Amino acid sequence: MKLTLGMYHSFGNDYLIHDCQKNGYELKPEDIRSICNRQFGAGSDGILAGPVQLFGKMGVRIYNPDGSEAAISGNGLCIFAKYLKDAGYVLKKEFSIQTQSRLVSVRYHDEIGQEMTVSMGKLYYGQTAPVADAEKTERVTVEYGGQPHEGTCLWMGNLHCIIPMEEISKEAVCEIGAALEQSDRFPDGINTQIIRIADKNNIYTEVYERGAGYTLASGSSCCAAAGVAYRLGLTDPCVYVHMPGGTLTVRVDEDLNAYMTGNAECIGEITLSDEFLRRHGIMPETE
């Protein structure tokens with residue numbers, strides 16, 4: 001039996017789709033690392049495994065390229081929603097997807113499911129966040145370029161630290177993000193975004209994700225950035241969040257629920273060769 005994966009991206013954030021209804025093999029963490037490797041594998045920012053039953057609902061399991069499981073991914077959800085439309089699993093305009101951390105709702109904007117709005121759920125700060133006691137802090141001070149910078153932590157199915165700065169860059173977010181991810185303060189890791197506020201309706205951001213590193217785009221990170229900027233009084237409730245991979249629209253309501261409008265595109269399919277499967281110990285049953 002061949003192992004065939006869908007190839008999709010959302011703003012340059014690329015995922016492979018492991019359709020659990022069509023592939024009779026459950027990927028292991030070492031399989032995911034081999035497949036996602038950009039030099040020796042297919043190359044990907046992660047793998048979406050589904051549709052599966054999670055907590056009694058149709059869901060998706062989201063894997064980082066290091067083989068760890070992510071609780072939620074905004075761009076991953078846009079991609080999976082597009083795949084569900086393409087594969088004929090979903091015919092309705094509105095439906096729900098269960099992740100490991102929360103249930104989200106999706107509304108398609110077009111017939112092919114390329115653009116959609118995802119209700120990402122509530123943003124939680126400090127003591128209200130359902131995380132370990134060591135991670136309940138709301139404020140974090142980080143050092144970069146010899147200067148202290150204050151970040152705000154929040155939880156929205158996964159943990160984020162958002163740091164407003166006057167100048168942002170890939171180099172800066174990689175240095176700060178790696179330090180925070182390895183900190184004893186966050187034993188399960190943390191996603192890091194540095195943001196520059198252009199005006200009340202426009203934010204620029206660079207993202208470093210737990211388990212993935214630097215990424216061109218991240219939907220949940222955009223929601224987190226928009227939520228922090230709004231809570232600090234720096235922006236209006238609805239903003240354009242500009243990433244290296246593209247621009248997402250995020251709206252945050254008075255109860256700090258985040259709504260993200262994005263898109264996803266199908267690139268194609270890839271069938272992993274028998275040679276690759278054998279070399280890396282990925283062994284679906286053969287006929």
Side-chain angles (χ1 to χ4, degrees), residues 10 13 15-18 20 26-29 32-33 36 44-81 83-84 96-106 118-138 152-162 177 180-183 185-193 207-213 215 217-228 248 250 256-260 262 264:
S10 177
N13 196 192
Y15 277 89
L16 295 170
I17 310 290
H18 177 63
C20 298
E26 184 175 348
L27 293 174
K28 304 183 294 295
I32 293 165
R33 290 192 290 271
C36 291
S44 174
D45 285 328
I47 291 180
L48 306 174
V52 295
Q53 284 290 308
L54 287 178
F55 311 110
K57 297 179 174 62
M58 182 188 69
V60 60
R61 301 189 72 171
I62 304 165
Y63 294 99
N64 296 314
D66 67 353
S68 63
E69 187 166 2
I72 196 169
S73 164
N75 286 341
L77 286 165
C78 287
I79 287 171
F80 191 65
Y83 177 76
L84 291 174
S96 297
I97 302 174
Q98 180 70 52
T99 71
Q100 287 288 10
S101 63
R102 55 176 54 183
L103 182 70
V104 305
S105 61
V106 178
V118 182
S119 176
M120 293 288 286
K122 189 174 179 63
L123 311 177
Y124 293 89
Y125 294 83
Q127 294 302 312
T128 66
V131 295
D133 288 341
E135 300 175 340
K136 287 187 180 296
T137 181
E138 185 174 333
T152 300
C153 297
L154 65 80
W155 186 89
M156 55 165 303
N158 51 8
L159 195 60
H160 296 262
C161 180
I162 295 86
L180 285 176
E181 186 177 18
Q182 296 164 14
S183 170
R185 197 169 190 176
F186 305 106
D188 293 326
I190 190 169
N191 300 293
T192 300
Q193 298 94 55
V207 180
Y208 186 95
E209 289 191 317
R210 181 191 74 84
T215 182
S218 170
S220 63
S221 296
C222 285
C223 293
V228 167
L248 269 172
V250 179
L256 296 179
N257 294 297
Y259 303 85
M260 176 191 80

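Position 1 is the first residue of the sequence; numbering continues from there. Predicted model, so just to flag it, every value in this text is computed and none were measured.
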Inset, instruction - Might you work through the side chain to side chain contact (heavy atoms under 4.5 Å, CB included) test for Met260 and Cys78, ending with a clear yes or no? - result: CA-CA 10 Å; Met260 176 191 80; Cys78 287; 3.5 Å; yes
Inset, instruction - Apply the test side chain to side chain contact (heavy atoms under 4.5 Å, CB included) to residues Val104 and Ser119: give CA-CA distance (whole Å), side-chain angles for both, the deciding distance (0.1 Å), then the verdict. - result: CA-CA 6 Å; Val104 305; Ser119 176; 5.7 Å; no
Legend entry - Pair His18-Ile32, side chain to side chain contact (heavy atoms under 4.5 Å, CB included): steps then yes or no: CA-CA 10 Å; His18 177 63; Ile32 293 165; over 6 Å; no
Inset, instruction - Mind running side chain to side chain contact (heavy atoms under 4.5 Å, CB included) on His160 and Ser220 for me, showing each step along the way? - result: CA-CA 9 Å; His160 296 262; Ser220 63; 3.6 Å; yes
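Nearest approach of Gly157 to Arg102, heavy atoms of both residues: N-NH2, 3.7 Å. The two residues Val52 and Cys20 have their closest heavy-atom pair at CG1-SG, 3.5 Å. Closest non-hydrogen pair, Thr99 versus Phe55, comes out as O-CE1, 3.7 Å. Taking every heavy atom of both residues into account, Ile162 and Ala224 meet most closely at CD1-CB, 3.7 Å. Across all non-hydrogen atoms, the minimal contact from Ala217 to Asn13 is O-OD1, 3.1 Å.
The backbone N or O of Arg210 sits less than 3.5 Å from a side-chain atom of Asn191, completing a donor-acceptor pair. Remark: the backbone N or O of Asp66 is not paired with any side-chain donor or acceptor of Asn64 at under 3.5 angstrom. A distance-only check finds a donor-acceptor pair linking the side chain of Ser101 to the backbone of Ala71 [under 3.5 Å].
Between Val207 and Thr192, the closest side-chain pair of non-hydrogen atoms is not below 4.5 Å. At least one side-chain heavy atom of Glu181 sits under 4.5 Å from a side-chain heavy atom of Tyr208. Using a 4.5 Å heavy-atom threshold, the side chains of Ile79 and Leu48 count as touching. Looking at Leu77 and Ile72, their side chains come closer than 4.5 Å, going by heavy atoms from C-beta outward. In this structure the side chain of Tyr15 never reaches within 4.5 angstrom of the side chain of Ser10, judged on heavy atoms. Under the 4.5 Å side-chain criterion, counting only non-hydrogen atoms from C-beta, Tyr63 is not in contact with Leu27. Side-chain contact between Ser218 and Glu209 is present, with at least one heavy-atom pair separated by less than 4.5 Å. When side chains are defined from C-beta on, Gln193 counts as touching Ser221, because their heavy atoms get closer than 4.5 Å.
Under the rule for a side-chain contact (heavy atoms from CB on, under 4.5 Å), the partners of Leu103 that lie at least two apart in sequence or sit in another chain are Lys57, Ser96, Gln98.
Pairs passing the salt bridge (Lys or Arg N to Asp or Glu O under 4.0 Å) check and including a residue from residues 67-76, sequence neighbours excluded, read Arg61-Glu69.
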